[in-house]
Each structure stands twice: as C-alpha cells, then as structure tokens.
Amino acid sequence: MREGNSVRGLTERIQEDIRGRIRQAVEKSFGLKVEPELTVPGRREFGDYSTNVAFSLAGALHVPPRKIAESIAAALEKRGSWIDAVEVAGAGFLNFKLRNGWCLEGLKEIIELGDDFGKTDFGQGRKVQVEFVSANPTGPMVVVQARAGAVGDTLANLLEWSGFDVEREFYVNDAGHQVEVLARSLEVRIRQCLGEKVDMPEDCYPGEYLIDLARRYLDERGKTVLDLPEEKRLAELRAYAVEAIRSSQEISLRHYGVEFDVWFSERTLHESGEVRAAIELLKQRGYVYEGEGALWFRSTAFGDDKDRVLIKSDGSYTYLAPDIAYHLNKYRRGFEKVIDIWGPDHHGYISRMKAAVQALGYPEDALEVLIVQMVRLVRGGETVRMSKRAGEFVTMDELLEEVGRDVARFFFLMRSCESHLDFDLDLGKLKSDENPVYYVQYAHARISSLLREAQERGIKWPCPVEPDLNLLSDESEVELAKKLVSFPEEIVNAGLAREPHRMTRYLIDTATLFHSFYTRCRILGEDPELTVARLYLSEATRVVLRNGLRLIGVSAPERM
RNA sequence: GCGCCUGUAGCUCAGCGGAUAGAGCACCUGCCUUCUAAGCAGGGAGUCGCAGGUUCGAUCCCUGCCAGGCGCACCA
C-alpha cells in the first residue's frame, strides 16, 4: 500500500502510472505536455481504462484524432507496467487492457489491511469541518434531520477515510427569540400541570413533548421557579429546556449511529463578545454601513442580491450576525474547509453566508454548503402530512422505530441529497427481498456463513500459504476482484464530490458481483487449491462489504 | 415577480462532456438432492420535459420556455 510517503489504492496507482506513460508518449510524439484524463469505459470490450487525449490534441495539431491516437499507441512504453495492450478504437479513443491478474494482486492488500482497507492519505491531514443536523433545541428532530444526519455522517466518514482531519459539529441555536418562546411555552405547560387555567398563546410551541418536559421539570426541581421574577424565571426554564431537548437529540442521534465531536453553543458567541467582534471586523474591512436605523452588511460586494441587516433598528441582532461570528470562529480554529449541511429552507442563506466568509478575508471556497432536500413520507401510496405548526409531525425517533436504523440510513443514502425524496414506509418496513437494504447485508451474511462452513469442514483457513490467485479466471471472479480493488478510489471520489450516495451504489454493485460469482462458481469444491483461492476472494469481499457498510453506518450481519 | 431543487422505463431513483442510457420494485420465462433461493440467468419496457446553442461528441455545460416542489423578511 505504501509508495514513498503516500498511501493510495491500487487502482489510483495504476491510473497514475498509465497517465504518466501517456504524458511521455505524447511528449515523445508531439513535443507537447498534456494532463490526460482516464475513464473506465462502460463496455468491457473497450478494456480497463480509456483516454480521450487524442480528441483534445486534434484541434491544436490539425490532425485527425485517430492518427494521433495511433502515434501515441506506438510510442507508449508498456514495459514495467500492468498494461497488456493499447488499442485505438472508434474515432480516436485509446483503450488500455491490463494484464490478467492485476486486480488479483490487489486482493492481498485487502486481506492484509482488513478493517483499514479503503483508507488512504489523499487528504494529507488537512483540517475539514462538517457541520450538520444543527436542529433547533426547541423540539424533537424531524425526518429531514435524519436524512441530513445520514448524509453528514457518511460524508465525514468518507473524508476521514480519505485522509482528512475531520471534525463533526452540531450548532446549537440556544440564543435568540425562539428559545425565549420555548421558555415561555414550558412555563405555560408547567402552570397547566399545576392546574392553572392558562391557554397556550398562539405564537408558542404547542407540541405535546413540552407537557412531558413540564412534568419532568416539576419532579426534578419543584415549582419554586414560578416565584422568581420574570427574567430569572425564563432564564431558568430556558436553560433547562434547551439542555433537556439538546441531550435528547444527542441520544436520538447516537441511537442512529451519529456522534458529534463538538456541540457548539450559539450563546457562547454572545457571551464571549465574538458577535460584536465579528461585526467590528467587518466594519474595519469596510463592509458595514448604517441606514434606516439599522446596521447593514454590504453582501452585494460579493454577489448577493441585496445587502443584509446585522443589527435591527431595535438594537437586536439578526440571525446572520451570530452566524458570521460562528463561521469566523470556525476558521480561527484552523479549518481549511468548512462544509455546512443545511435544510432546504435555508438555501437563500448560501449567498449571504459565502459573502460573509469572503468579507472576513477567507477564500470563497473555504465554505461549501450542501442543501439536503425535503423528505416526503409515503404510506399506502399517500403522503403522510407533517406539520410542525399543528404540532403533528413524524419525528426521527418514530421513523427509526418504524423502519430501523439500517433501513433509514440506507434509504437516505440511495438518493443524491439534493433531490427531493419520497420515503416509502411500506417498502422500508418490508423485511424481504423487495427491500434493497437486505440485498447488500445478505451478501455479507452469505459470506460469513460460507467461511463458517469452511471452518467446520476443516479447511485450513486463513490459508497458511499464499493461494494461487491465478486460478481465479472466471469472468465473474475477475469482475468482482476489480470492483473490490477500486474501493479506496471510490471513497476518495465520493468524498471529493460530496456525494455520499455513491457508496450505496458501490455496495449494491459489489453485492451483485458477489452473488453472481457465488452462483457460477462452486467455492467449497473438490480442488483444494481452487477452494482456497475462492475463499480468499470471498474473504476480500466480506472485508469490503463490512467496511463499506460501516462507512454508511449500516450493520453487517453475520447471519440473516 | 425573484431565487433554489427536481423533470430519465409503469413506480422510486442512479448515471465524472464520450462509444449500444442503467439499477431496484412491478410484469413474464427458467434455475434449489450439493457452500444461505433475502439468490442467480434471461425477457419485454425509454422522444433522457420542450426548443435552441457551445462541442469532433450533450442525459450532463449555456440560454429560453413548460411542469412539480420549496424559499423570498429589520423571522428564527
């Protein structure tokens, strides 16, 4: 796995080697420097890799691409590489066929590295923060937050495995208007619990969870709080409610397999004076002005539609002010890249937040925002209505209770996060072949069972001598091995593209190739050497499936 | 009115500017005396919303329409 100081997957090393050879051949033939692109062709007969360099050179050289491709093919040095043949195809594609067995070599790395297979040092330890979920501490989390949890956690895992230094953070909005409303709502519930005839005001939170919280409060702390002056009373209730709800969110998320490194309190930004300081910094940099009794941020200087208010004419901060302070705080903690995952209702904030980051003096791409789109629950072919206003909503906990963590995470990760998602509860609940989650898990269980069976039959496993992997010559065996070996590269690419849903696709494809191999090839057969080689391939598959499932936070059962 | 997301098989969705557009479900046909049939092999099924443009090449990039969803604050 190691070459020089770098740790890369086998496929990445082979691709880099081929690209280098193409560069040399082009320089030799035409005296030009190029950065060739390599792709994996969709059709097997086109080989393992393909490049379109001839097309990109055709314009400059005024030579037909096919001629160029032929020259490159002739000049290309194959010695000392895995390249078996270079072919010119179509209008000028260069197709590379690798020697049989290149991927079998990679199986050894998989077995050797085991739980660590898939990890690379691509990111060179650069500091990245992923902030996600960040649900308001005013009530239970809803389904879209479960989606954001799956997406954020998996993205963080992908980056971590790719060699970035990743921190997962949850921003707690424990300051401002909404938590004051929360405190007042809790007070009403407490009074109601004590038999007072008070109605819940219109603008308060009507949800029933506050009734439970009111009872708990009275059990734990009694009713003396009601004798305090208003300010102290609300402060006490606010602190209590925020912490109770926040910690219940933490428990829900942990149950879902999502853990955060940092729970960052908005309140601390106010108390430390960082909000004021951030505005002061913007002012020094010339992006703040007064007008109409308010203090404005000149976000239009960085492409926003209109300037935004930081301090309202009544002297209070808008939501944007602490958010700017928060992001300044993030960069001062040394993150080179900050990835925020927001809900669909916040997309309008992207341009102003990116403007703020630049106004603070950081590059535009230091902040990336992913919008996780809405989730619509479907049951019996009908949309399940979720209305927070009416206090009726399907919570994340209810969803998990209904379909389970594995199904929820897998479903959320099957779609790209920016596409609106219909979550079919009926399909999710089906514990059968109609449910795609079990397909991948079944492959893992099947292999586990196979390895148990091998042990019972007294087959020496793990194999004391290195198996002869060249015995793996069936097409299904080679295709499976190729897929397995590309795992580290898939992780890096999915992380860089910020597309965690690629992992479910990869796992489904891998499971398909394994099932196909299993059906075509007798694994525990007559020939002991072939048996050992096939067990080796099976074990490598198990490692990849287990690691991939771990990456997306889904269990890898040994039996089903 | 402005902005964001989406539009691909009957349904739910994949598809880094490349060659004959894929998967699951549903439907049809085969395959369990042998390692897990929650599986495999095969079949039918498509005007990639519409129209232009860029390119050797566009489902992908640009523009304009059409349709669905969401958001527009000195709310949080």
Side-chain angles (χ1 to χ4, degrees), chain A residues 37 39-43 45-46 50-52 54-56 58-59 64-65 89-93 95 136 138 173 175-181 291-296 305-306 308-320 343-351 371 373-374 376 378 381 411 414-424 427 430-443 445-454 456-457 476 493 496-497 499 501-502 504-505 508-509 511-512 514-525 531 534-535 538 559-560:
Chain A
E37 279 181 30
T39 55
V40 178
R43 305 178 61 76
E45 61 263 33
F46 295 144
S50 177
T51 183
N52 60 357
F55 292 103
S56 47
F93 290 103
N95 293 336
N136 288 333
T138 52
N173 289 115
H177 177 70
Q178 57 188 341
V179 288
E180 299 309 321
V181 173
E292 299 163 61
L295 197 70
W296 295 75
D305 299 338
K306 49 180 282 200
R308 307 291 171 174
V309 170
L310 294 169
I311 301 179
K312 295 181 257 181
S313 48
D314 68 0
S316 64
Y317 292 120
T318 60
Y319 190 75
L320 182 61
D345 49 334
H346 285 78
H347 73 250
Y349 279 78
I350 296 176
S351 50
I371 296 294
Q373 284 293 345
M374 323 180 317
R376 195 166 50 183
V378 177
F411 269 48
M414 279 198 308
R415 277 82 168 178
S416 69
C417 67
E418 76 262 22
S419 85
H420 301 200
L421 165 63
D422 284 348
F423 196 118
D424 187 334
L427 180 59
L430 275 180
K431 294 230 183 320
S432 77
D433 54 340
E434 288 169 49
N435 193 328
V437 186
Y438 300 112
Y439 183 76
V440 176
Q441 292 184 318
Y442 180 66
R446 214 176 197 188
I447 298 168
S448 303
S449 162
L450 182 72
L451 297 175
R452 283 194 300 270
E453 178 66 22
E456 270 177 35
R457 294 191 187 183
S476 67
N493 289 340
L496 289 181
E499 289 180 355
H501 71 281
R502 290 192 193 184
T504 49
R505 165 67 38 183
I508 290 169
D509 290 347
T512 298
F514 177 77
H515 286 310
S516 181
F517 154 63
Y518 182 92
T519 307
R520 281 171 64 112
C521 301
R522 180 76 202 175
I523 295 165
L524 305 176
T531 294
R534 286 180 171 166
L535 276 174
S538 303
R559 300 167 199 274
M560 282 174 79

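Worth knowing before you read on, the calculation uses all heavy atoms, side chains too, and leaves out hydrogens, waters and symmetry mates. Within every chain, numbering begins at 1; the chains are lettered A, B, ... in the order of the sequence lines, protein sequences first and strands thereafter.
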Query raised in the report: Does a donor on one side chain and an acceptor on the other come within less than 3.5 Å for H420(A) and R415(A)?
Result: no

Requested in this report: Would you mind reporting whether I311(A) and W296(A) have side-chain heavy atoms less than 4.5 Å apart?
Outcome: no

Report task. State, with a plain yes or no, whether a side-chain heavy atom of N173(A) is found less than 4.5 Å away from one of V179(A). Result -> no

Report task. Could you say whether G291(A) or T39(A) is positioned toward the 5' end of RNA chain B, judged by the nucleotide with the nearest heavy atom to each? Result -> T39(A)

**Report entry** Nearest-Å distance once atom C1' is located in both G44(B) and C25(B)
**Finding:** 16 Å

Query raised in the report: How should the glycosidic conformation of C56(B) be described, syn or anti, under the criterion that syn lies within 90° of 0?
Result: anti

Query raised in the report: K306(A) side chain N/O closer than 4.0 Å to the phosphate oxygens (OP1, OP2) of C72(B)?
Result: no

Tabulate protein N/O versus nucleotide N/O from nucleotides 6-12 of chain B, keeping only pairs under 3.5 Å, one per line.
unit_1: U12(B); atom_1: O2'; unit_2: R415(A); atom_2: NH2; d: 2.1

Query raised in the report: Is there a side-chain contact between T39(A) and T51(A) (heavy atoms, below 4.5 Å)?
Result: no

Query raised in the report: Expressed as a whole number of Å, how far does the P atom of C48(B) sit from that of U8(B)?
Result: 11 Å

Query raised in the report: What distance, rounded to whole Å, do you find between the two P atoms, one in C4(B) and one in C61(B)?
Result: 14 Å

**Report entry** Test item: L451(A) and L535(A) side chains (from C-beta on) under 4.5 Å apart, heavy atoms
**Finding:** yes

**Report entry** Aromatic ring proximity, centroids under 6.0 angstrom, F517(A) and F514(A)
**Finding:** yes

Requested in this report: Name the nucleic acid region contacted by S516(A), choosing base, sugar-phosphate or nothing; use a 4.0 angstrom heavy-atom cut-off, strictly under.
Outcome: sugar-phosphate

**Report entry** Gap in Å between the two P atoms, one belonging to C62(B) and one to G30(B), rounded
**Finding:** 50 Å

Table of protein N/O atoms under 3.5 Å from nucleotides 28-30 of chain B N/O atoms:
none

Query raised in the report: Are any of the side-chain nitrogens in R457(A) or E453(A) under 4.0 Å away from the carboxylate oxygens of its partner?
Result: yes

Query raised in the report: Among side-chain atoms of S538(A) and Y518(A), is any donor-acceptor pair under 3.5 angstrom?
Result: no

Query raised in the report: For E37(A) and C60(B), what is the distance between atoms CD and C1' respectively, to the nearest whole Å?
Result: 14 Å

Distances for protein N or O near nucleotides 54-59 of chain B N or O, under 3.5 Å:
none

Query raised in the report: Across the strands shown, which category fits S50(A) at heavy-atom distances under 4.0 angstrom: base, sugar-phosphate, nothing?
Result: base

Query raised in the report: If you measure from the C1' atom in A9(B) to the same atom in C13(B), how many Å do you get, rounded?
Result: 11 Å

Query raised in the report: Which dot-bracket string describes RNA chain B (Watson-Crick N1-N3 plus N6-O4 or O6-N4, or G-U N1-O2 and O6-N3, all under 3.5 Å; [ ] crossing; | other strand)?
Result: (((((((..((((....[...)))).(((((.......))))).....(((((..]....))))))))))))....

Query - Ring centres under 6.0 angstrom apart (H515(A), Y439(A)) - result: yes

Query raised in the report: Does the G71(B) base have a donor-acceptor partner in the side chain of H346(A) within less than 3.5 Å?
Result: no

**Report entry** P atoms of G24(B) and G17(B), separation to the nearest Å
**Finding:** 25 Å

Query - Check: N95(A) side chain, A19(B) base, donor-acceptor under 3.5 Å - result: yes

Query raised in the report: When the ring centroid of F423(A) is compared with that of F411(A), is the distance short of 6.0 Å?
Result: yes

Query - Check: A294(A) main-chain N/O paired with S313(A) side-chain donor or acceptor under 3.5 Å - result: no

Query raised in the report: NA contact type, E292(A), heavy-atom cut-off 4.0 Å: base, sugar-phosphate, or nothing?
Result: base

Query raised in the report: Hey, does R502(A) have a side-chain heavy atom less than 4.5 Å from the side chain of N493(A)?
Result: yes

Please write out each protein N/O paired with an N/O of nucleotides 34-37 of chain B under 3.5 Å, distance rounded to 0.1 Å.
unit_1: U34(B); atom_1: O2'; unit_2: R522(A); atom_2: NH2; d: 3.3
unit_1: C35(B); atom_1: O4'; unit_2: R522(A); atom_2: NH2; d: 3.4
unit_1: C35(B); atom_1: O2; unit_2: L524(A); atom_2: N; d: 3.0
unit_1: C35(B); atom_1: N3; unit_2: I523(A); atom_2: N; d: 3.2
unit_1: C35(B); atom_1: N4; unit_2: Y518(A); atom_2: O; d: 3.0
unit_1: C35(B); atom_1: N4; unit_2: C521(A); atom_2: O; d: 3.4
unit_1: U36(B); atom_1: OP1; unit_2: S449(A); atom_2: OG; d: 2.7
unit_1: U36(B); atom_1: OP2; unit_2: S449(A); atom_2: OG; d: 3.3
unit_1: U36(B); atom_1: O2'; unit_2: Y442(A); atom_2: OH; d: 2.3
unit_1: U36(B); atom_1: O2'; unit_2: R446(A); atom_2: NE; d: 2.8
unit_1: U36(B); atom_1: O4; unit_2: A445(A); atom_2: O; d: 3.2
unit_1: U36(B); atom_1: O4; unit_2: M560(A); atom_2: N; d: 3.4
unit_1: A37(B); atom_1: OP2; unit_2: R446(A); atom_2: NE; d: 3.4
unit_1: A37(B); atom_1: OP2; unit_2: R446(A); atom_2: NH2; d: 2.2

**Report entry** Any donor-acceptor N or O pair under 3.5 Å, side chains N136(A), Q178(A)
**Finding:** yes

Query raised in the report: Has R505(A) got a side-chain N or O lying under 4.0 Å from the OP1 or OP2 atom of G24(B)?
Result: no

Requested in this report: Without swapping roles, check the side chain of T531(A) against the backbone of G525(A) for a donor-acceptor pair under 3.5 Å.
Outcome: yes

**Report entry** P atoms of A45(B) and C40(B), separation to the nearest Å
**Finding:** 23 Å

Query raised in the report: Within the structure shown, what part of the strands sits under 4.0 Å from A294(A) by heavy-atom distance: base, sugar-phosphate, or nothing?
Result: base

Query raised in the report: R534(A) versus C521(A): any side-chain heavy-atom pair under 4.5 Å?
Result: yes

Query raised in the report: Toward the 5' end of RNA chain B, which comes first, Q373(A) or Y439(A), by nearest nucleotide?
Result: Q373(A)

Requested in this report: May I ask you to verify if any side-chain N or O of H501(A) is less than 4.0 angstrom from the OP1 or OP2 atom of G15(B)?
Outcome: yes

**Report entry** Selection from C16(B), C74(B), C40(B) that lies nearest to any side-chain heavy atom of R502(A)
**Finding:** C16(B)

**Report entry** Whole-Å gap separating C1' (G39(B)) and CD1 (I508(A))
**Finding:** 15 Å

Requested in this report: Could you state the atom-to-atom distance from CE of M414(A) to C1' of G22(B) in whole Å?
Outcome: 15 Å

Query raised in the report: To the nearest angstrom, how far is R43(A) atom CZ from G18(B) atom C1'?
Result: 13 Å

Query raised in the report: Under 3.5 Å, is there a donor-acceptor pair between the side chain of S449(A) and the main chain of A445(A)?
Result: no

Query - Contacts of H346(A) that satisfy side chain to side chain donor-acceptor pair (under 3.5 Å) - sequence neighbours left out - result: none

Query raised in the report: With rounding to whole Å, what would you report as the distance between A73(B) and A21(B) at their C1' atoms?
Result: 45 Å

**Report entry** Candidate nucleotides A19(B), C74(B), C75(B), ranked by approach to the side chain of P41(A) - the nearest
**Finding:** A19(B)

Report summary line: note: M374(A), atom CE; C4(B), atom C1'; distance rounded to Å ~ 12 Å

Query raised in the report: Tell me, do Q373(A) and I371(A) make a side-chain contact under 4.5 Å, heavy atoms counted?
Result: yes

**Report entry** Heavy-atom side-chain contact between M414(A) and R505(A) under 4.5 Å
**Finding:** no

